[in-house]
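As a basis for the values below, the full set of heavy atoms in this structure was taken, side chains included, without hydrogen atoms, waters or symmetry mates. Quick note on labels: first sequence line is chain A, next is B, and so on, each numbered from 1.
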Amino acid sequence: MNILNVDGVSLAFGGVHALRDVSLSVAEGTITAVIGPNGAGKTSLFNAISGFYRPQAGRVYLEGSDISRTGPPRRAALGLGRTFQNIALFRGMTVMDNVKLGAHVRTRTGPLAAMFYLGRARREEVRIRSEIEREVFDFLEIDHIRRSPVAALPYGLQKRVELARALAMRPKVLMLDEPVAGMNREEKEDMARFILDVKEQWGVTVLMVEHDMGMVMDICDQVYVLNFGQRIAGGPPAEVQQNPDVIEAYLGADDMTTLRERLRGDRGAA
Amino acid sequence: MDWLFFFEVSLAGLGFGALYALTAVAFVVIYKATRVINLAMGEMLMLGAYMFFGFAAALALPIWAALILALVGGALLGLILERLVIRPMLGESPISVFMVTIGLSSVFIGLVEIIWTAAPRSLPSFLPSDPIFIGDAFVAPKTFWSFVIAAVVIAVFLVLFRFWRGGVALRATASDQGAAYGMGINVPMVYSLAWGVAGLLAAGAGVLLGSIAGISSEMGFFGLTVLVVVIVGGLDSVLGALLAGLLIGWVESLAGVYLGGEYEHLVTFMILMVVLLLRPWGLFGTREIERL
Amino acid sequence: MRIGSPKETYAADESLFRTRTQWVWFGILLLSLALYPFVANLYWLFLACLICINIISATGLNILTGYTGQVSLGQAAFMGVGAYTVAWLDNNATTPFILNLLAAGVMTTLVGLVAGLPSLRVKGLYLAIATIAASFILQFVFINWESVTRGTRGINIQPPQLFGMEFDNPDTFYWLVVPVTVLMVILAANLFRTRVGRAFIAVRDRDISASVLGINLPLYKLMSFAIASFYAGIAGGFYAYFFGSINPESFPLLMSIFFLAAIIVGGLGTILGSILGAVFMTLTPELLRYGVDVLEPFVQDASALLSPVRTLVFGLLIVGFLLFEPHGLAEIWRRVRRFFHLWPFRN
């Protein structure tokens with residue numbers, strides 16, 4: 001069953017078409033990747049799905065219900081978690097508070113209860129604290145930095161904290177925007193393992209944008225390719241890899257052997 | 001209804017509006033070039049007027065010399081502020097920079113009151129005082145001449161803004177700072193230029209305003225009305241500043257006469273609230289596309 | 001030197017003070033607050049009461065400006081709403097003191113909500129501008145709604161009464177205002193242990209990605225504005241009771257700048273900063289007054305300089321701290337503390 005459906009989404013800024021009639025579907029419990037050259041509209045697609053951009057046409061369905069007219073906070077509450085391409089952590093807060101912020105959608109305390117910090121407010125705070133400790137910090141191995149201000153952390157750890165924050169939302173669909181960009185090989189391997197574990201242990205569906213072909217080919221069940229705002233291919237990785245349109249989009253030529261070698265090379269590296 | 005009276009009130013309002021427009025242009029120049037909302041604009045204007053007062057009354061210099069010195073002083077003030085206070089704040093949140101300008105306004109008020117006391121004073125008059133009639137309508141000569149001067153200054157400014165190298169550099173920086181830098185425009189220089197020009201315009205407006213309404217340490221309040229003007233016109237629109245300046249001047253004048261003096265500013269701030277609710281980017285401003 | 005502080009439950013680790021030392025210091029603070037009236041003279045008690053009123057208001061403004069990132073120049077005018085509410089109730093109803101004070105808070109919250117509506121449409125600085133407008137509109141109301149405010153003549157308020165006692169002096173008023181201040185500060189501190197406070201900070205740091213994480217931006221901006229207004233209302237209510245009379249000139253724009261200066265000097269986005277800033281800014285004019293007294297024999301009309309020098313110093317403090325010590329006194333305090341924590345192993 002498909003947990004997320006994007007149906008004919010078009011998005012334009014002024015005269016620039018960021019997305020043209022893009023459709024894709026994400027099956028529950030899978031890892032799906034959206035790939036494409038720079039400027040192909042991948043992040044725009046993410047923003048349209050999480051509700052930050054309002055597409056001019058098309059619909060987005062989560063678990064079969066139409067969320068096209070729903071605002072970003074509500075979509076988050078319905079189960080869309082995400083991370084950002086250029087890390088959007090709250091720099092004035094500790095790792096702990098950043099991750100707790102992810103649990104915002106699952107908690108209810110209002111301002112008055114918060115100020116008196118009695119009863120439910122207190123219980124709720126302690127509950128999400130212990131959940132985060134047990135489920136997220138242990139899992140992502142970041143319990144040693146829980147009180148560090150995020151601004152002081154190295155890049156790789158910041159990416160991991162951002163993943164932790166998204167997981168604290170307990171999302172149904174986890175959207176990752178370039179989860180391993182800028183990482184070294186070891187960090188990439190760690191991240192790939194975490195993503196696979198998210199799928200297998202948490203049962204969370206993953207949709208990601210990624211440039212690293214090796215990782216995409218290794219861990220994804222389904223791959224969609226965007227080019228100039230249009231979907232040019234979609235299917236299992238092995239199939240997409242052979243698709244002449246994809247090869248042309250990436251190389252600007254139909255030199256298949258070169259691409260195949262390159263893809264294989266990347267795969268070896270990752 | 002007495003249409004002649006209405007016409008006279010309107011003319012007086014437009015005369016005042018021209019001063020709003022002039023100061024608003026200074027405001028917009030700073031905003032376009034440096035993205036700073038300068039709450040101390042009114043106090044810069046006040047300092048210009050007091051400098052003129054100091055040179056003309058206390059030092060007894062000839063009017064033209066005092067005027068030139070006040071304008072140069074205003075420009076210098078802008079340059080110094082940019083260099084000492086604004087530039088070190090580059091990269092800080094806009095809110096911090098905004099609060100710095102609030103602090104500056106308080107500093108200037110304190111300075112003026114220490115040097116000249118808080119008592120209102122009048123500027124030596126230098127505008128022609130022959131009564132002016134447009135048709136049958138009487139216009140106070142000071143208002144008329146300050147309108148004319150403001151209009152001329154704005155016209156000169158617009159020409160420079162459009163065709164002079166510095167004006168072009170300023171517009172380029174306003175539209176894309178990075179690109180301007182890449183094209184070899186000296187962006188820090190543009191910052192200084194913007195603050196210098198704004199300081200000069202503000203000082204000029206201060207002298208004109210002072211000669212119409214007298215000067216006091218509270219005349220910086222004028223700056224708050226100008227803030228309303230630029231919000232209504234659109235923070236980054238020179239055209240908006242000009243039209244909104246005239247509009248607010250006109251409306252204030254009508255409100256003051258027909259509703260009573262205490263309604264003058266109430267109406268202004270009511271207009272501001274309505275604009276903020278309905279069209280927060282102003283009549284001619286750019287609606288910013290938010291990005292992640 | 002202190003090393004670690006092990007805990008057995010998450011509840012303990014989530015508490016307001018996490019170490020025994022912090023509890024001890026808090027106890028010492030409460031004790032000295034209780035002993036203060038027995039050693040201080042009337043002048044210092046007067047100042048203590050004033051500081052408390054300012055702490056309440058500054059704490060509220062810091063929630064809005066320091067934590068949520070929305071500048072307000074309306075804090076003084078909102079205090080005015082609270083003060084006039086108390087004054088009106090005092091003159092027209094026989095409701096008890098506590099109820100009047102609460103009514104002041106609630107009334108100001110409602111007015112604040114209306115004034116905060118523009119912030120829903122726009123970001124950051126526009127709210128500051130809207131609050132300037134709100135200040136002037138409120139000022140207009142204070143002057144012209146004669147039947148309620150008695151216009152420019154002002155309005156008198158009877159001293160508050162509680163349990164048959166009358167709090168008409170700083171030495172009695174102290175026992176009223178200090179506990180409430182302590183309570184209000186703790187309430188504010190609690191706020192930032194929970195999701196509500198975190199949402200405020202998220203709005204400040206990155207308001208767009210906050211919304212993608214499920215935070216309803218308009219709701220939290222408005223909520224922050226409402227809470228800041230409530231604090232202003234309570235502070236204004238105390239102000240009316242404390243001074244016994246108010247008029248439209250009691251709450252000028254300069255007073256709003258005073259509170260902005262207080263939180264900047266003290267430290268934006270810290271509870272401690274609101275306290276330090278309010279203390280510092282209340283004492284600064286007293287220090288200036290002292291300086292003027294010293295100058296009196298040498299400078300002609302030195303006392304006339306007091307008000308302009310105060311205006312100048314407020315401005316200089318705002319500019320100076322933002323340029324050179326943007327985290328305020330709270331950060332200086334932290335540095336001093338860290339030095340002693342690590343002493344004598346590092347210096």
Side-chain angles (χ1 to χ4, degrees), chain A residues 46-47 50-52 71-78 80-84 87-93 96-98 100-118 121-134 146-147 162 165-166 168-169 171 175, chain C residues 4-5 7 9-16 18 59 63 66-69 109 183-220 222-228 230-231 268-270 327:
Chain A
F46 260 38
N47 285 338
S50 54
F52 179 63
R74 185 84 195 108
R75 293 191 197 192
L78 287 173
L80 280 182
R82 83 171 271 190
T83 66
F84 296 82
I87 305 185
L89 290 170
F90 300 98
R91 304 180 66 79
M93 292 192 223
M96 190 54 155
D97 280 341
N98 263 286
K100 275 183 175 173
L101 218 122
H104 186 88
V105 288
R106 315 192 271 117
T107 47
R108 287 286 154 277
T109 304
L112 214 57
M115 291 174 96
F116 287 96
Y117 200 75
L118 298 166
R122 182 195 193 88
R123 283 198 302 277
E124 197 172 75
E125 210 51 44
V126 174
R127 175 175 62 88
I128 63 162
R129 170 73 195 273
S130 70
E131 280 174 12
I132 286 170
E133 291 282 353
R134 277 185 288 115
R146 60 166 79 80
R147 297 218 180 275
E162 219 193 356
R165 186 176 66 185
M169 298 169 79
M175 298 163 64
Chain C
S5 59
K7 278 169 221 72
T9 63
Y10 289 127
D13 203 40
E14 290 285 319
S15 98
L16 200 52
R18 278 205 305 271
T59 303
I63 291 174
Y67 282 105
T68 320
T109 307
L183 176 71
M184 300 286 282
V185 169
I186 291 178
L187 293 185
N190 277 341
L191 202 55
F192 296 96
R193 300 161 72 188
T194 66
R195 67 195 285 274
V196 180
R198 286 193 295 271
F200 287 167
I201 300 174
V203 170
R204 177 193 70 190
D205 284 359
R206 262 177 202 275
D207 54 3
I208 296 156
S209 62
S211 87
V212 179
L213 283 165
I215 290 161
N216 183 338
L217 298 179
L219 177 72
Y220 280 95
L222 213 51
M223 195 187 287
S224 177
F225 205 72
I227 293 174
F230 182 82
Y231 275 71
L268 291 165
T270 63
H327 298 293

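- Annotation: side chain of A:Y117 is in contact with side chain of C:T194 (closest heavy-atom distance under 4.5 Å).
- Counting heavy-atom pairs under 4.5 Å between each of A:T107, A:D97, A:L89, A:V126 and chain C puts A:T107 at the top.
- Looking at heavy atoms from C-beta onward, C:I215 lies in side-chain contact with A:L101 at the 4.5 angstrom threshold.
- Rounded to the nearest 0.5 angstrom, C:Y10 OH and A:I128 CD1 are separated by 12.5 Å.
- No other option in C:I227, C:I186, C:L183, C:I201 has as many heavy-atom pairs under 4.5 Å with chain A as C:I201.
- Residue with the most contacts toward chain C among A:E125, A:R74, A:R165: A:E125 (heavy-atom pairs, distance under 4.5 Å).
- Interface remark: A:L78 contributes no atoms to any contact with chain C (heavy atom separation under 4.5 Å).
- For A:E124, the salt bridge (charged side-chain N to carboxylate O under 4.0 Å, His left out) criterion is met by no residue, not counting sequence neighbours.
- Shortest non-hydrogen contact noted between A:M93 and C:A202 is CE-N, 3.7 Å.
- Most heavy-atom pairs under 4.5 Å with chain C: of the set A:P73, A:A166, A:A76, this distinction falls to A:P73.
- Proximity of C:R198 to A:K100: side-chain heavy atoms (C-beta onward) are separated by under 4.5 Å at one or more points.
- In this structure, CD1 on A:I87 lies 12.0 Å from OG on C:S209, to the nearest 0.5 angstrom.
- The structure places CZ of C:F192 at 8.5 Å from CE of A:M115, a figure rounded to the nearest 0.5 Å.
- Between chain C and the residues A:S50, A:A77, A:S130, A:P171, the largest count of heavy-atom pairs under 4.5 Å involves A:S130.
- Remark: side-chain polar atoms of C:R195 are paired, donor with acceptor, to backbone N or O of A:T109 under 3.5 angstrom.
- Neither the backbone nor the side chain of A:R106 comes within contact range of chain C, judged by heavy atoms closer than 4.5 Å.
- In this structure, C:M223 and A:P111 approach most closely via the heavy-atom pair SD-CG, 3.6 Å.
- In terms of modelled atom types and a separation under 3.5 Å, the side chain of A:R82 and the main chain of C:V212 share no donor-acceptor contact.
- Between atom CZ of residue A:F90 and atom CG of residue C:L213 there is a gap of 5.5 Å, rounded to the nearest 0.5 Å.
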Between C:N190 and A:F116, does the side-chain contact (heavy atoms from CB on, under 4.5 Å) criterion hold? Intermediate values first, please. CA-CA 7 Å; C:N190 277 341; A:F116 287 96; 5.7 Å; no
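- With a 4.5 angstrom heavy-atom cutoff, C:Y220 touches chain A only via side-chain atoms.
- Shown here is A:R146, whose CZ atom has more than 12 heavy atoms of other residues, nucleotides or ligands within 6.0 Å.
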